[in-house]
Protein chains: 2
Amino acid sequence: MNIEKAINKLKEKGYKRTKQRERILEIFAEQDQGYIPAKVILKEIQKDFPGVSYDTIYRNLYLLADEHVLESTELEGEKHFRFHCDTHGHHHHFICTACGKTKALEFCPMDKISQSLDGYAVDDHKFEIYGKCPGCL
Amino acid sequence: MNIEKAINKLKEKGYKRTKQRERILEIFAEQDQGYIPAKVILKEIQKDFPGVSYDTIYRNLYLLADEHVLESTELEGEKHFRFHCDTHGHHHHFICTACGKTKALEFCPMDKISQSLDGYAVDDHKFEIYGKCPGCL
DNA sequence: AATGTAATTCGTAATGATTATGATTTGAGG
DNA sequence: CCTCAAATCATAATCATTACGAATTACATT
């Protein structure tokens, strides 16, 4: 996922290209595949656009997540976001609890489940490993 | 895990038996292994003890979680709690997003990981399946 | 049963993340 | 350059969670 690709995707849906939205995308691009919370985006973007409020941040984050430009997870009570990685198929992540950086995990536990879930409707699942990355150790 | 066992565990650590704490444990016992958030506990306990505040709820929830009487997880931005199930060893859950009830999953993905995480320190992990239970379908 | 003391609760307020709103501005097609 | 929906801005409201001083309570000990 890169910025131009994301902007075009939004354009097709009738969403506009704005400086703030573009900057948000840049911030994620600079982030090197790490999960970051809304407040980090706000702090960063306010260096260029002092007037930006949380409204703008959250509206864009949720829009981008809806469009699968971003993916999100909840870490210690805060929603965190990152670029959606579509380089390989569906997968999960190791997440560094110090810096938010991730490492792709090659397998999905759903593929290995032999247990019957008959009578249950499965909608979603979550698998994450938490710890410290080499850089933070 | 039953109430008396939990109370005794606390007693050994020097924690007191209070009506409010006992009622909280009862609520979890009535809950039939489902995850519930703080506000449900509050609403329920206030039928008997109108004066109870969130302070009491959260203090007790965290105390009970620290003592492994309860286990917790984060569902849509809210911490949810349930009795810690120690009938079988370490395991994960299917969680009904409608009622909070759970079904134990028999395997842990960490046992199946062949991928190397050399250089990474693994502290924790989370695996949950979300959907609807037979009763809610 | 009365006392001492730490644990606990109560009442209330503060915090922090997230969501909402009305007025204003802006991007992009015609 | 006009129009208009999309987006932002400024600000307030909401909701979960945490904090705190004062009052109460459990319980071991006298």
Side-chain angles (χ1 to χ4, degrees), chain A residues 3-4 6-27 35-67 69-70 72-81 100, chain B residues 3-4 6-27 35-67 69-70 72-81 100:
Chain A
I3 297 179
E4 280 306 316
I7 298 262
N8 287 334
K9 191 170 190 175
L10 295 183
K11 191 169 190 174
E12 284 168 21
K13 296 284 190 83
Y15 299 114
K16 294 174 181 170
R17 175 176 201 142
T18 68
K19 299 183 296 291
Q20 295 88 341
R21 183 167 290 162
E22 204 170 341
R23 184 74 191 99
I24 289 175
L25 287 167
E26 277 174 22
I27 290 167
Y35 274 111
I36 49 176
K39 63 169 173 258
V40 168
I41 318 266
L42 183 71
K43 190 179 292 183
E44 187 60 29
I45 205 173
Q46 284 187 335
K47 292 177 187 171
D48 297 305
F49 307 96
V52 166
S53 73
Y54 269 118
D55 175 80
T56 297
I57 304 294
Y58 280 107
R59 199 169 8 77
N60 277 294
L61 289 177
Y62 291 151
L63 170 65
L64 293 168
D66 284 348
E67 298 301 327
V69 172
L70 299 181
S72 69
T73 192
E74 190 123 5
L75 301 173
E76 20 196 328
E78 267 183 277
K79 294 192 181 78
H80 284 61
F81 298 82
Chain B
I3 298 179
E4 280 306 316
I7 298 263
N8 286 335
K9 190 170 190 174
L10 295 183
K11 192 169 190 173
E12 284 168 21
K13 296 285 190 82
Y15 299 114
K16 294 174 180 170
R17 174 175 201 142
T18 68
K19 298 182 297 292
Q20 294 88 340
R21 182 167 292 162
E22 203 169 341
R23 184 73 191 100
I24 289 176
L25 287 167
E26 277 173 24
I27 291 168
Y35 273 112
I36 49 176
K39 62 168 173 258
V40 168
I41 318 267
L42 183 71
K43 190 179 291 183
E44 188 61 28
I45 205 173
Q46 284 188 334
K47 292 177 187 170
D48 298 304
F49 307 95
V52 165
S53 72
Y54 269 118
D55 176 80
T56 298
I57 304 293
Y58 280 107
R59 199 170 8 78
N60 277 295
L61 289 177
Y62 291 152
L63 170 64
L64 293 168
D66 284 348
E67 298 301 327
V69 171
L70 300 180
S72 69
T73 192
E74 190 124 3
L75 301 173
E76 19 195 328
E78 268 182 276
K79 293 192 181 79
H80 284 61
F81 298 82

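The basis for the numbers below is simple: all heavy atoms, side chains too, and nothing from hydrogens, waters or symmetry mates.
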Atom pair NZ/CD1 of Lys19(B) and Ile45(B) - distance to nearest 0.5 Å: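 Those atoms lie 10.5 Å apart.
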Within-4.5 Å side-chain heavy-atom neighbours: Tyr62(A) and Lys79(A):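 A side-chain contact under 4.5 Å exists here.
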Side chain proximity check, Ile27(A) to Ile36(A), heavy atoms < 4.5 angstrom: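 Yes - at least one pair of side-chain heavy atoms lies under 4.5 Å apart.
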Is the closest basic N to carboxylate O distance between [X] and [Y] below 4.0 Å?
{"X": "Glu4(B)", "Y": "Arg17(B)", "value": "yes"}
{"X": "Lys47(A)", "Y": "Glu44(A)", "value": "yes"}
{"X": "Glu26(B)", "Y": "Arg23(B)", "value": "yes"}

Whether over 12 other heavy atoms sit under 6.0 Å from Glu76(B) CD: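 12 or below, so no.
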For [X] and [N], give me the distance from atom [atom1] to atom [atom2], rounded to whole Å.
{"X": "Asn60(A)", "N": "dA7(D)", "atom1": "CG", "atom2": "C1'", "answer": "8 Å"}
{"X": "Glu76(A)", "N": "dG16(C)", "atom1": "CD", "atom2": "P", "answer": "15 Å"}
{"X": "Glu12(B)", "N": "dC27(D)", "atom1": "CD", "atom2": "C1'", "answer": "16 Å"}
{"X": "Arg21(B)", "N": "dC10(C)", "atom1": "CZ", "atom2": "C1'", "answer": "15 Å"}
{"X": "Ile57(A)", "N": "dA7(D)", "atom1": "CD1", "atom2": "P", "answer": "15 Å"}
{"X": "Asn8(B)", "N": "dA26(D)", "atom1": "CG", "atom2": "C1'", "answer": "15 Å"}
{"X": "Leu63(B)", "N": "dT9(C)", "atom1": "CG", "atom2": "C1'", "answer": "14 Å"}
{"X": "Leu61(A)", "N": "dA17(C)", "atom1": "CG", "atom2": "P", "answer": "14 Å"}

Looking at [X], does any N or O in its side chain come under 4.0 Å of the phosphate oxygens OP1/OP2 on [N]?
{"X": "Tyr62(B)", "N": "dT18(D)", "result": "yes"}
{"X": "Gln20(A)", "N": "dC9(D)", "result": "yes"}
{"X": "Arg59(B)", "N": "dT8(C)", "result": "no"}

Neighbours of DNA chain C within residues 36-55 of chain B, by heavy-atom distance under 4.0 Å: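 Within this stretch, Gly51(B), Val52(B), Ser53(B), Asp55(B) sit under 4.0 Å of the strand.
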Angle by which the axis turns from one end of the helix from dA1(C)-dT30(D) to dG30(C)-dC1(D) to the other, five pairs per end, to 10 degrees: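 One end axis against the other gives 30°.
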Under 4.0 Å protein heavy-atom contacts per nucleotide of nucleotides 24-30 of chain C, with B for base, S for backbone only and - for none: --BBS--
Check: Arg21(A) side chain, Asn60(A) main-chain N or O, donor-acceptor pair, under 3.5 Å: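 Flag not set: sc Arg21(A) to bb Asn60(A) has no pair under 3.5 Å.
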Check: Glu67(A) main-chain N/O paired with Lys9(A) side-chain donor or acceptor under 3.5 Å: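 Side chain of Lys9(A) to backbone of Glu67(A), a donor-acceptor pair under 3.5 Å: yes, one is there.
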Steps toward side chain to side chain contact (heavy atoms under 4.5 Å, CB included) verdict (Val69(B), Leu25(B)): CA-CA 9 Å; Val69(B) 171; Leu25(B) 287 167; 3.9 Å; yes
Candidate pair Leu10(A) and Leu64(A), rule side chain to side chain contact (heavy atoms under 4.5 Å, CB included), full reasoning: CA-CA 8 Å; Leu10(A) 295 183; Leu64(A) 293 168; 3.8 Å; yes
